[in-house]
Amino acid sequence: MTHVNDPAVVRRLLTTPGRWAVVGLSSNTTRAAYGVARYLQQNLGQQIVPVHPKAETVHGERGYATLAEVPGDLDVVDVFVNATLAGEVVDQAIARGAKAVWLQLDVIDQAAAHRAAEVGLDVVMDTCPAIEGPLLGLG
């Protein structure tokens, strides 16, 4: 079964204040995750949590080496890893009790999307908040 993004889910995730774990976010300003996390934080008012093996502080927010180390609840797990690794991140998001997973542009894993949807997570795949937000007139 091929996942299809629900425009209502995209809008709700972008407009509802939440806590977004951005997996793959480091202080490398040339990486897409850096700019998208800044957009989420500054333009949409989302709280970001950097998740990267280096556990760096990014955009003033403390980083964690793994999703499992992040304290507290997570509304969205934003996946900026290679598609071959996305399924593992989605499974970790499910285990953490996240409410949604957002797989970035070209991060496509139909099986992982299906697993997440089956247990009740909202799923957005193969698109970007920094593209969808302006299309919706946000930020």
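In this chain, residues are counted from 1 in sequence order.
Side-chain atoms of Leu25 and Val23, non-hydrogen and from C-beta on, never get closer than 4.5 Å to each other. Residues Val89 and Val77 are in side-chain contact: their nearest non-hydrogen atoms beyond the backbone lie under 4.5 Å apart. No side-chain heavy atom of Arg62 sits less than 4.5 Å from a side-chain heavy atom of Glu56. Counting heavy atoms from C-beta outward, Leu105 and Ile131 have side chains that approach closer than 4.5 Å. Using a 4.5 Å heavy-atom cutoff, the side chains of Ile48 and His59 are in contact.
Residue Asp75 forms a side-chain hydrogen bond (donor to acceptor under 3.5 Å, both in side chains) with just one option from Lys99, Gln47, Arg19, and that option is Lys99. Just one residue in the list Leu14, Asn5, Asp122 forms a side chain to side chain contact (heavy atoms under 4.5 Å, CB included) with Trp102, and that residue is Leu14.
What you find for Leu136 and Arg11 is that their closest heavy atoms are CD2-NH2, 3.4 Å. The two residues Leu138 and Tyr39 have their closest heavy-atom pair at O-OH, 3.1 Å.
We find the CG-CD1 distance between Leu67 and Ile94 to be 11.0 Å, quoted to the nearest 0.5 Å. Atom CE of Met125 sits about 6.5 Å away from atom CD1 of Ile108, to the nearest 0.5 Å. With rounding to the nearest 0.5 angstrom, the CD atom of Gln110 is 10.0 Å from the CG atom of Leu103. Rounded to the nearest 0.5 Å, atoms CD (Gln46) and OG1 (Thr15) are 8.5 Å apart.
Both Val9 and Leu44 belong to a single network of hydrophobic side chains, linked directly or stepwise wherever heavy atoms of I, L, V, M, F, W or Y lie under 4.5 Å apart. Follow the hydrophobic side-chain contacts under 4.5 Å out from Val58 and you reach Leu40 in the same cluster.
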Applying side-chain contact (heavy atoms from CB on, under 4.5 Å) to Gln41 and Glu61, what does each step give before you reach the verdict?
CA-CA 10 Å; Gln41 182 187 56; Glu61 298 293 337; 3.7 Å; yes
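Taking the six-membered ring for Trp and the full ring otherwise, His52 and Tyr64 have centroids separated by 6.0 Å or more.
Remark: the Ser26 side chain and the Asn28 side chain contain no N/O donor-acceptor pair separated by less than 3.5 Å.
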